[in-house]
Amino acid sequence: MTEAHQSGITGIYPKEIAADNYYYVRSCIRQNFFPGSETAFLKIMRNVLGKNIYDDAVHTTCTGIGYHSDIVPFETIQTVVARQFALMTEKGFENLAVSCVTSFGIYCEIVETWKNFPEELDKARVNLKKATGREFEIPRNIAHASDIIYKFRREIAKEAKYSLVNCLTGEPLNLVEHIGCHYAKMFPEMGVGGAEFTSVLSSMIEIWGGAVVDYPERRHCCGFGFRQYLIQANRGYSISNSRKKFESMEPYHPDAVICNCPGCTMFMDRWQYVIAEMENKTYGQGGRGIPVLTYEELAGLVLGYDPWDLGLQMHQVNSEPFLDKLGIRYIPSQKYSGKDGKIMAGPVIPACIK
Amino acid sequence: MDLFKRLNEDVRFREGLKACMNCGICTAICPAAEFYDYDPRVLVTTVESMDNEEIESLLKSDAIWYCGQCMSCKTRCPRGNVPGMIVSVLRKVSQELGYFTESRMGRQQYAIAKTVGDNILSYGYCVHPSKINPGLHPEQGPVWEWIFKNREDIYTRLGANFDKPGAGALRKISREALDELKAIFDETGGTELLKKIEEFSLKKAHESGFEPNGTTEDDYFREVYKKNDHSGIK
Amino acid sequence: MKAAEKFGFRVLETRVIDLENFDGRLLRYVHRHEKSFITCLSCGGCTATCSAGNLIEFNVRRIGLLLRRGETEGLEREIDKCMLCGKCQLVCPRGINLRNVIMLIKKGIVKFKNGTPEKVEL
Amino acid sequence: MKSVVIIGGGVAGIETASALSDFGHNVVLVEKTDSIGGKVLKWDHLFPDLKSASELENYLDIKCREGNFAIQKNTTIAQASQSNGKWMLRTDNNRVIETDAIVVATGYEVFDASRKEEYGYNIYDNVITSVDLEERLKSGKTITTRAGYLPEKIGIIHCVGSRDEKSGNHYCSKVCCITGVKQSIELHKLLPEAEIYCFYMDLRMYGQYYEELYREAQEMHKIQFIRGRLSEVSENIDKRLLIKAEDTLSGRPLKMSVDLLVLLVGMEPGKGTKSMAGICGLETGKDGFLKTSDMHFGNNKTGKKGIFLAGSCIGPMSINDTISNARSAALEVHNYLQTK
């Protein structure tokens, strides 16, 4: 790749990202698999960046997984989204900060639909009013939570305790970034850097000292495929697509994969274990996998948060090799602790992947 | 029934189908086309033919169920078509008309309604830790077995408000919020769709000699959830 | 327990045609002995008139395509469906002797199966 | 004696200027750069007969040297106004030219391939455009990869920036198909060992001898034509390019790695064309090119009295079409001046 590209071609996609006062909508998958990431995000927003972000008890799932697996009608999801907007409006906010990439895509798609088909917006208003008595305003700004971290990546860099550099060699760590499909593939102008060379994560990685790997299957889907994962018989689709990515990135020896979508993070983590079981194949060095991290986890590590407070113990692929390269100190015995510091027995470590 | 007209009632169909020039740019990078006998370009041209018989057999076929909704096709199509969106509408109509039970992949909708559908209405989440049973999800690995077993400890340690009222990750969604969600489903056809999926599925199950009881444990659920070959289904 | 049974699914085979890695011996053999084949336009004129294709599931245009993509297995499956009537040659806008192409494929399949080394240029 | 100002010193401008001066009019040719000839100066050989572009250069050169018309280089038009049936043109160096008629011959610009980010132009070392290739061919240097190796596999990609809503260009640029065929033949002659693949949607061999050249490419040069539009390009660790398309005739995705990738870039209205539209108040069509008063029998006229169009400011055109079009523009202007 030439120098010209590394500086980024973001100029043609000038995405606006609100600077403060966000209404936070959580992600089903992130809460389930990486709850520490959402905790870290709010902590960074409030404690490091001094932002006002509202965490509402009454919002629900956007039903996006149900919608994309076709058991939730378009009209229904429009109205559920309208309800989230109504809650935001009622709390006095105009800027939506979205934790989930599927949801982010849903919000963008629905707002775009309402622009092109105003009768759909009218219907959503009527439906919401009838069902809940609520009214709503369309957010002034919709940002994925990774957009916000991107926006403040320099401020985070200033507070950084660690840099994404191999502490032994001084070389930048090689990081693969994987962008969730629904972040920019549907609406390239809604993503930082567009759909083809999305720079929301690569800009963070570079400014925090790491190097971004450009590998052939960079843009390929992780393979979630909604119904293709939800049904056991279809999971071959899901794993095969992830495998295609790993095969493609392997020659570049990435130190970790960073994702902005919680689903991608989880699948690219778990499928490495299943591939190891099925094919006795691992993609990291020394029989290990390649750690797959959320961008919140990455930001948290850079800021010096404890890896086990971030929730790295919830990953199937162990992240210790990555932490060691970063020179991050951690207490191994704390990895599997429960609430109030209680030490628990850890998970079974599979023989196929260390 | 004029199926093309029926499809065209949905704004997403009108948004997704402009005019295909058969360039194949969608198929080239389609994750489903790589691993399934599937070609989004061919699907679009079939729909575009407006041939009622062709569309009917499409609605009864596996072909509409292979797409993984990644929407990579939308980024690239030089004519602004969105095969992934057309697929959504085909699936909707296939379910409304009960055609989905005619194909192996279509029948799987029963299992999705039983899992994700129930999660949404009972918990307010599409997925919930208590519903990801390691037995049904061996691919989640030993780490998930550990999380599943110790979930209260682990989630609490990571700052979640697990299964409790108030804000926070994995908070218990209040009765009022769940009631609003249900009211929205009732008002907008969401409940109706879930009912249709169940009715058509159970009809097919009974015709084929299954004895489903409407849970994720029943024989029909296991058949459609686990099997790649539905030789037992008529 | 085997891994695929444990998980209930397996890794799928890719359907992607890999134009870099395919066995081009059969193609080169046909090109050498029936030069006209190289000018095929994939217009489908042959398929439209094909005697066999009008009776059974057989697309003679695809024979040329399978050959050019090195899909010998597909050719083995399809090639005997041709009745060798030669009508395709009559309609071909490029005058390709498709009948001879098919004869050569049949011969070539046997030849290369037996491992006869063949070093010819495209 | 009536006067005509011709704006643009490319093929269309020179041919129109020459023909109108032969009719006995007082002709001034205005060119924004310091050289006459336009983009043709960069071309190596012309389709479909592979004539050396230098022959065309000579032809234009003779027209300029022997033609009875004035040439003003390094000049652009900043303003235009009309009074008493005359047009007054103000140049960027503040000169005013009074004229009876104007011929806009401001031509096209090559599509900027870096706008198709997924094709990797200006990102990956071995992705070049048909214009880059033409320059390399003209330089006479060996065609190699950036690292200096002889390419073994070459991909040629049709419809880059044409027939593409994502580029904002719905139209067909007409000349790319035949340019691809021509360049693939030239590459094969220079690199007889290389395998060359053209990825196309339709092969629009609309001109005389184009179809024959296509057949020659297949028969004599073993060029492979694959029906499928390029979806994306990425770089392998060895700097080869992984390309993906659908083999639409097989109905399956297809991938291959190539050492060199040539993007057949289309035509867009030139900056000069857009600027003249603004200055003279000329109408543009859906494609952004200048609109003629009638596609069939007014194809050099505009809605503005005294302003005429010649060449590829009207739409994508080959060189021979441009020359014919320029001559017809000259005749149109001549007839107009006779009635004035």
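Just so we're on the same page: letters track the sequence lines, and every chain starts at 1.
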Audit row: Thr113(A), Val11(B), side chain to side chain contact (heavy atoms under 4.5 Å, CB included) steps and yes/no: CA-CA 8 Å; Thr113(A) 302; Val11(B) 291; 4.1 Å; yes

Considering only heavy atoms, which portion of [X] lies under 4.5 Å from any heavy atom of chain A: side chain, backbone, both, or neither?
X	value
Ile29(B)	backbone
Met85(B)	side chain
Cys67(B)	backbone
Val89(B)	neither
Glu145(B)	neither
Arg14(B)	side chain
Lys92(B)	neither
Ile184(B)	both
Glu192(B)	neither
Ile112(B)	both
Phe185(B)	both
Leu136(B)	backbone
Thr115(B)	neither

Taking atom types as modelled, is there a side-chain donor on [X] or [Y] under 3.5 Å from an acceptor on the other?
X	Y	result
Tyr66(B)	Gln228(A)	no
Asn234(A)	Gln108(B)	yes
Tyr155(B)	Gln31(A)	no

Worked check of side chain to side chain contact (heavy atoms under 4.5 Å, CB included) between Cys181(A) and Met71(B): CA-CA 7 Å; Cys181(A) 289; Met71(B) 300 291 169; over 6 Å; no

What part of [X] gets within 4.5 angstrom of chain B, counting heavy atoms only: side chain, backbone, both, or neither?
X	value
Ala40(A)	neither
Tyr67(A)	side chain
His315(A)	backbone
Lys123(A)	neither

Closest approach of Cys221(A) to Pro31(B) (non-hydrogen atoms, all atoms of both residues):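 Between these two residues, the closest heavy atoms are CB-CG, 3.9 Å.
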
Taking [X] for the side chain and [Y] for the main chain, is one N or O donor matched with an acceptor at less than 3.5 Å?
X	Y	result
His182(A)	Gln69(B)	yes
Gln232(A)	Lys226(B)	no
Thr61(A)	Tyr125(B)	no
Trp146(B)	Met314(A)	no

Derivation of the side chain to side chain contact (heavy atoms under 4.5 Å, CB included) call for Arg227(A) and Arg91(B): CA-CA 12 Å; Arg227(A) 68 188 320 284; Arg91(B) 290 174 178 178; 3.6 Å; yes

Residues Glu196(A), Arg76(B); criterion side chain to side chain contact (heavy atoms under 4.5 Å, CB included); working and verdict: CA-CA 10 Å; Glu196(A) 304 295 354; Arg76(B) 297 276 168 74; 2.8 Å; yes

Plane angle bin for Tyr36(B) and Tyr237(A) - parallel if under 30°, tilted between 30 and 60°, otherwise perpendicular: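 Aromatic pair Tyr237(A)/Tyr36(B) classed parallel.
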
